[in-house]
Amino acid sequence: SPTFRKDKLHRCNLLLSGDACVYVSRSTKTTKYTYVRLNDLKVGSVVNVYGVVVFFKQPFRSRGTDFCSSLKITDQSNQKISCTIFCDKVDSHPKIFQIGDIVRMHRFKAQFFKDTIMLVNTFGFSVMAFDGAVGGAMEPRTSSRTYHFDQDDQRAVEELRLWAANQGLLPLVPTTPLSAVQPKTYFNLTCQLLAKAPVDSTCTLLRVWDGTRCPRSLLKVIVEPNVTEGPSSLSSAKENLIANVLVYDNHVEFARQLKLGAFLRIYNLRAIPGSSKVPGLTSSQSEEVDHLAFHLHGGTAYGRGIRLLPENSPDVQELKRVIEAFEEDEDKVPELNDSEMLDVWCTPPESLGMRTDFVLMRDSNVCCLCSERSCSHNIQPVTLSELKRSEPGRDHHVRVQLRSYEPLRLHQALKLYCSKCETMQDVPDDELVAELFSEASRYSGPCTPPQWALSGQVSLMSEGKSKELIFLMGATLEETCRLADGYQNIVPVRPSGGHLALLDLSAPFLFRGRKRYYGCKQCSEAALTEVSAEGVQVIDEKVIAEALGVQLLQFVLLMKLKLQDATDTLDVFLWRDAELFFNVSAEDVAADQEAQSSICHTVESLCPAEGSTGMSVFNTHTHTHTIIFSVGVC
DNA sequence: TTAGGGTTCG
């Protein structure tokens, strides 16, 4: 089509009939982009530029329909240029982490505003960001599936880094640890989110930490436990490190979307000494005077905002090291050293049997929905130290407190289990899956779909197609998910050796609504064959997995709990009966927010608040190498 | 279209 732009990706719906077949080729010829210096912008021209960020605002919701980012950049010409980006997709905005980051901007229009020239994005724009440190990672931060980045780009980034370093543009301390926060100052904080709670419609509480201890006592904000997302109580050592951050107004929406365990950078956070009134408090906070409160005021002045930092960013890696060091220190258990525990944590469960491990089940007394347990409840409780000395193969009751649990981030408790080879693995994160989709769509070539497959157009939001199976090629993860909203069964495929094949099995082989299904790499012998709907009411994941030669992986929950009584502590694993214990299915947990919240509530209700004498009774049954607990509450 | 850097209601 003449309306297609060369070297651009175009998306279109194709309606094919009969044996019609369409090949869409992508040019491998690369365009040479030209970049202009910031002192050479002509009003009205659309340009590509490189620059060092000297000021930025994270994307914020504008009064229009888009998010808006605001930057000021400079380059070797020393000209400082303001840039505005409007885009409804936050992901398309520049991912700026700190002053001194480098950006590459394509298709920005130079225009006049208040007697000065500035840049605004135009149709087809793209933005990339890079670490600004000399010798830093060259990996571009971009959401683009396909992007152009060659040696010239690398050189441009390196040159800007050197220049910026000589100009002293990189801040010496981009963020301040809690241990160095001064009262009455504004600072940037890199931290992990442990819990959050809405305070009122204009204010949300974020409980964060960075593993360092603020020498000043911190404001203790108490909100109703039932509105808190995340653990309502933590060990006192950990509690002392937690900063309560109150975020207001426009930041509330962003805060609401944050997931527990996320790594954040909060910009322009204000440390306020002394008492301050906090809405919705249930304790007499105002009497406390010598404490620091942290406020993220409303508005975007001075770049106020919050950004989610990716796990692989160097700052997050460093933060994790500090946090882990603290946790290791706190978690020292005499009978098991940390590396041993870590081994277990990362070891498939079949080898857990080689150790004295414990699996918890929830007792019928706790929750009426649970089935009756076979153990009897007139067994006298034993202490943990007695239990540890006992021979395997016996039933026990123990009266203990649940001191802590891991992982704090629920999604890490969710694992994929292969019943055939009995191995367990983490659920691949979206970033990895998206990359697999993107990889699969990059390889094109002649491809003959099997005779039984019909090619054609699909429209979104089709209902009642429970017997339909769609093989989808060349779509992104996002597109696949969107399509899965309307279709029951979607199998992503890629061309391979002239035929259709499944994607790498690290990616889900099947999407059914919000649910994703994975196959075992080791045990599957995947081949694309026709799935017969005959004799079945609904084509479900089992039918499809079997037809495709995929060994279906099962969602399971794995948690580590630390039990404590007056005599000892005991680390126990909750695995085989985790679903019964929580009264949710792991598969639902993978796709359903409500199931996730239900687990949080259960764990929190069993983890007694600091100083409480609340006790739980755990009934245990030991056999060979595993002790099974059945839990009741007294 | 929106914003167009420049501290707060809390």
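Below, chains carry the letters A, B, ... as their sequence lines are ordered, and counting in each starts from 1.
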Which residue, Tyr302(A) or Arg63(A), contacts DNA chain B at a nucleotide closer to its 5' end, judged by nearest heavy atom?
Arg63(A)

Between C1' on dT7(B) and NE2 on His251(A), what's the gap in Å once rounded to a whole number?
11 Å

Separation of dG4(B) P from Ile85(A) CD1 (nearest whole Å):
12 Å

Under a 4.5 Å cut-off applied to non-hydrogen side-chain atoms, are Met105(A) and Met128(A) in contact?
no

Below the 4.0 Å mark, does dG6(B) have OP1 or OP2 next to a side-chain nitrogen or oxygen of Lys57(A)?
yes

Does the aromatic ring of Tyr186(A) sit over the six-membered base ring of dT7(B), closer than 5.5 Å centre to centre and tilted less than 30°?
yes

Which whole-number value in Å describes the distance from Leu292(A) CG to dG10(B) P?
17 Å

Spacing between Tyr248(A) atom OH and dT7(B) atom C1', to the nearest angstrom:
15 Å

dG4(B) and dT8(B): how far apart are their P atoms, nearest whole angstrom?
14 Å

In whole Å, what is the span from the CD1 atom of Ile73(A) to the P atom of dG5(B)?
15 Å

By the 4.0 Å heavy-atom rule, please label Gly298(A) as base, sugar-phosphate, or nothing.
base

dG6(B) glycosidic conformation (syn if within 90° of 0, otherwise anti) is syn

Among dT1(B), dG10(B), dG5(B), the one nearest any side-chain atom of Asp66(A) is dT1(B)

Gln58(A) CD - dA3(B) P separation (whole Å):
17 Å

Spacing between Ile99(A) atom CD1 and dG5(B) atom P, to the nearest angstrom:
15 Å

Taking only the side-chain heavy atoms of Phe60(A) (C-beta and beyond), determine which of dG5(B), dG10(B), dG4(B) contains the nearest atom.
dG4(B)

Inter-residue atom distance Tyr267(A).OH - Phe97(A).CZ, 0.5 Å rounding:
7.0 Å

Is the shortest side-chain N to carboxylate O distance from Arg482(A) to Glu478(A) below 4.0 Å?
yes

Let's see if you can work this out: which of dG6(B), dA3(B), dT8(B) has an atom nearest to the side-chain heavy atoms of Ala301(A)?
dG6(B)

Side chain of Asp249(A): nearest nucleotide among dC9(B), dT7(B), dT1(B)?
dC9(B)

Does the side chain of Arg61(A) get closer than 4.0 angstrom to OP1 or OP2 of dT2(B) through an N or O atom?
no

Any stacking of Phe86(A) on dT1(B), going by centres under 5.5 angstrom and planes within less than 30 degrees?
no

Is it the case that the base of dT1(B) and the side chain of Thr65(A) share a donor-acceptor contact (distance under 3.5 Å, atom types as modelled)?
yes

Measure from CG on Asp115(A) to P on dG4(B) and round the result to the nearest Å.
18 Å

So for Arg270(A) and dT7(B), does any side-chain atom that can act as donor or acceptor lie under 3.5 Å from a complementary atom in the base?
no

Of all residues at least two apart in sequence or in a different chain, which pass the ring pair (Phe, Tyr, Trp, His ring centres under 6.0 Å) check with Tyr186(A)?
none

Using the rule given for ring pair (Phe, Tyr, Trp, His ring centres under 6.0 Å), can you reason through Tyr35(A) versus His106(A), listing the C-alpha separation, both sets of side-chain angles and the distance that settles it, and then say yes or no?
CA-CA 9 Å; Tyr35(A) 295 89; His106(A) 280 178; 5.6 Å; yes

As a test of reading the structure: which of dG4(B), dG5(B), dT2(B) is closest to the side chain of Lys72(A), going by heavy atoms?
dG5(B)

Pro59(A) and Arg307(A), any side-chain heavy atoms less than 4.5 Å apart
yes

